[in-house]
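These notes are about the structure you will find just below.
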There are 2 protein chains.
Amino acid sequence: MDEGQVEQVRRFNRTVAERVGVLHDHYLGGARPYGQARLLWQIGDGGTHDVRGVRDRLGLDSGYVSRLLRALERDGLVAVEPHPRDRRVRTVRLTEAGRQERALLDDRSDALAASLLAPLNARQRERLTSAMAEVGRLLTASTVSLAVLDPDHPDAAHCLRSYAAELGELFDGGFDPANSLLPDPGELRAPHGLFLVARLHGEPVGCAGLKLPSGAPAEIKRLWVCPRARGLGLARRLLAELEERAARHGCDLVRLDTNRALEAATRLYRDSGYTEVPAFNDEPYAHHWFEKRLTPTAR
Amino acid sequence: MDEGQVEQVRRFNRTVAERVGVLHDHYLGGARPYGQARLLWQIGDGGTHDVRGVRDRLGLDSGYVSRLLRALERDGLVAVEPHPRDRRVRTVRLTEAGRQERALLDDRSDALAASLLAPLNARQRERLTSAMAEVGRLLTASTVSLAVLDPDHPDAAHCLRSYAAELGELFDGGFDPANSLLPDPGELRAPHGLFLVARLHGEPVGCAGLKLPSGAPAEIKRLWVCPRARGLGLARRLLAELEERAARHGCDLVRLDTNRALEAATRLYRDSGYTEVPAFNDEPYAHHWFEKRLTPTAR
DNA sequence: TCCATCCTCTGACCTTAGTCAGAGGATCTC
DNA sequence: GAGATCCTCTGACTAAGGTCAGAGGATGGA
């Protein structure tokens with residue numbers, strides 16, 4: 001990592017923490033303490049939520065949230081009720097007054113944004129917002145974490161289901177995992193392979209599997225990125241991670257197959273140094289087969 | 001102001017407050033409470049500082065700072081001593097242990113920056129840091145405030161001195177305000193004119209004067225931007241502000257003169273719609289004369 | 001039916017980050 | 001030399017954010 005880049009990021013953190021961070025907290029809070037405002041925001045407008053879910057998303061102590069909720073309730077902003085089917089769980093929703101209060105936070109947030117733009121001319125605003133979009137996108141990308149999970153883990157299963165559902169829509173004649181090679185994703189667990197899941201704020205947003213047959217080339221399967229997490233370079237990152245793990249495992253060749261409907265994927269493979277080769281398996285859904293030679297890594 | 005832009009800024013604030021802001025505070029703080037860490041940072045390494053100056057820069061209450069200093073002193077990180085010449089004032093400097101602690105904050109800050117860059121590939125890092133630089137520059141630009149000051153105000157006088165000093169270096173044969181037209185900047189006060197000072201974090205970083213002779217075109221004088229505040233579009237902003245004020249005052253023509261050594265300024269005037277005209281005064285330091293027709297504003 | 005578990009709430013407690021009103025010493029101005 | 005002014009410090013106080021250890025009701029499984 002380049003030292004100048006680290007210094008640049010630090011400078012950015014200082015500027016932004018000062019200009020945005022401070023304002024963000026002490027503007028947005030306004031009359032309401034920041035904790036309450038945060039909670040109000042998180043409860044949002046869309047109907048009823050489990051208290052537990054909200055709490056987990058904010059990462060707060062249960063006692064603390066309980067107290068915050070009581071304060072909001074006292075001001076008539078939220079209604080807390082037991083869950084209809086499990087009366088241990090409590091649910092919370094905004095009242096009309098709560099929705100108004102939240103809209104007020106919205107306005108404050110707009111005012112803050114506007115106060116940043118106001119002193120700038122049109123061209124500067126244009127440049128600022130597009131640079132902000134870029135920073136936001138890349139910071140989001142850097143927030144995504146990769147983890148090796150068992151293919152039966154709920155997050156992994158969610159990705160595999162989404163993968164199959166999406167292919168079902170894209171392929172002529174649909175997609176049925178049972179007809180494809182690797183009908184059982186259980187093969188993608190140690191020692192015969194591994195399964196990687198990408199998560200953003202705890203939500204699974206992508207996956208990729210690697211088969212590591214002994215004495216044969218490694219094979220990449222089930223590479224998928226959730227539609228709303230596209231444009232973050234995530235597929236490329238998953239691919240690079242699998243290649244590195246394959247290389248560390250001693251593989252010097254990695255292969256994969258893909259369907260002609262998956263144009264972006266095919267482009268990614270070509271860009272990443274894969275070359276098209278004759279069919280090396282009889283996957284019924286595949287139209288293209290690729291391979292890439294790996295440079296062995298230390299260890 | 002474009003609604004999409006406001007929304008973009010808000011989205012940015014959310015992402016950044018989450019990813020940078022939170023980490024910033026709770027990483028950087030570490031063992032030391034954030035207030036102490038901030039103070040430690042501000043005292044910095046460069047020798048001895050007046051407590052008052054440090055306090056003003058952080059915008060904190062004197063009692064609060066006193067307490068923070070005592071805590072730092074207890075931990076042996078700073079030494080507080082009376083000012084040698086005015087024993088009401090106290091000065092503060094880091095001890096060796098304080099310098100080490102501050103270096104530790106530095107490392108934490110680096111670690112935070114590195115943790116943002118780590119998950120990205122080389123191209124993404126490149127793009128992130130340059131977008132951050134752009135955002136930082138433009139947010140800094142939007143932090144600059146303009147104020148009408150009396151030319152005798154210390155901040156205004158500082159700008160005028162710097163202006164003269166810089167011209168003195170740039171012009172063949174130096175620059176002596178007494179030889180120029182408008183030897184007395186006092187003419188740049190109401191009702192005969194006005195003087196605008198740009199400030200960044202309270203420090204004066206630029207200025208521009210406007211003469212408003214009754215029945216004659218307005219005239220722009222003493223436009224200057226401090227070297228370390230260049231590249232923020234500040235000269236352009238000062239110019240636009242003066243033009244707007246002139247137009248509101250009823251002027252439909254604004255004029256100015258400039259020296260050939262000031263190439264960037266000359267370029268700015270041309271870009272901003274000024275056209276070169278024959279000399280309209282006998283300013284000894286001028287080589288170019290410009291004018292611009294204003295479109296009258298409402299009111 | 002009973003016990004373990006889950007979820008929420010309450011009370012007690014702690015640290016930070018401030019604010020405010022003087023007290024008290026040092027300096028400046030007349 | 002006497003105020004007025006300046007600067008720092010102290011004590012008293014407040015609010016927010018948060019943690020921890022149970023209490024107590026609801027549910028699920030043996």
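Put simply, the side chain of B/D75 does not reach to within 4.5 Å of the side chain of B/E101, judged on heavy atoms. With a 4.5 Å cut-off on side-chain heavy atoms, B/V51 and B/V89 do not count as touching.
Judged purely by atom type and a 3.5 angstrom limit, B/R11 has no side-chain atom pairing as donor or acceptor with the backbone of B/E7. Using modelled atom types, one side-chain atom of B/R70 and one backbone atom of B/S66 make a donor-acceptor pair closer than 3.5 Å.
D/dA16 atom P lies 11 Å from atom CZ of A/R32, rounded to whole Å. Atom CG of A/D61 and atom P of D/dT19 are 6 Å apart (whole Å). When the C1' atom of C/dT10 is taken as reference, atom CG of A/L69 falls 14 Å away, rounded to whole Å. The distance from atom NE2 of A/H83 to atom P of D/dG28 is 12 Å, rounded to the nearest whole Å. Across the protein-nucleic acid pair, B/R70 atom CZ and C/dG18 atom C1' stand 16 Å apart, rounded to whole Å. Whole-Å rounding puts the B/R85 CZ to C/dT27 C1' distance at 14 Å. If you measure from atom CD of A/E81 to atom P of D/dG25, you get 21 Å, rounded to the nearest angstrom. Atom CG of B/L58 is separated from atom P of C/dT19 by 13 Å (rounded to the nearest Å).
Axis angle, first five pairs versus last five pairs of the helix from C/dT1-D/dA30 to C/dC30-D/dG1: 10°, rounded to 10°.
Below the 3.5 angstrom threshold, one finds a donor paired with an acceptor across the side chain of B/R67 and the base of D/dG11.
When distances are taken from the side chain of A/R88 to each of D/dG17, C/dG18, C/dC7, the shortest belongs to C/dC7. Side chain of B/V89, nearest nucleotide from C/dC9, D/dC7, D/dC9: D/dC7. If you check D/dA26, D/dT8, D/dG17 against the side chain of A/Y34, the one that comes closest is D/dG17. Closest to the B/R52 side chain, of the nucleotides D/dA26, D/dT8, C/dC9, is D/dT8.
Taking CG from B/L138 and CD from A/Q124, the interatomic distance works out to 6.0 Å, rounded to the nearest 0.5 Å.
Ranked by how close their nearest DNA chain C nucleotide is to the 5' end, A/D86 and A/G63 are led by A/D86. Ranked by how close their nearest DNA chain C nucleotide is to the 5' end, A/Y64 and B/L68 are led by A/Y64.
The shortest non-hydrogen separation linking A/R93 to A/G47 is CB-O, 3.7 Å.
Of the residues listed (B/L232, B/V144, B/L238), the one engaging B/V225 in a side chain to side chain contact (heavy atoms under 4.5 Å, CB included) is B/L238, and it is the only one.
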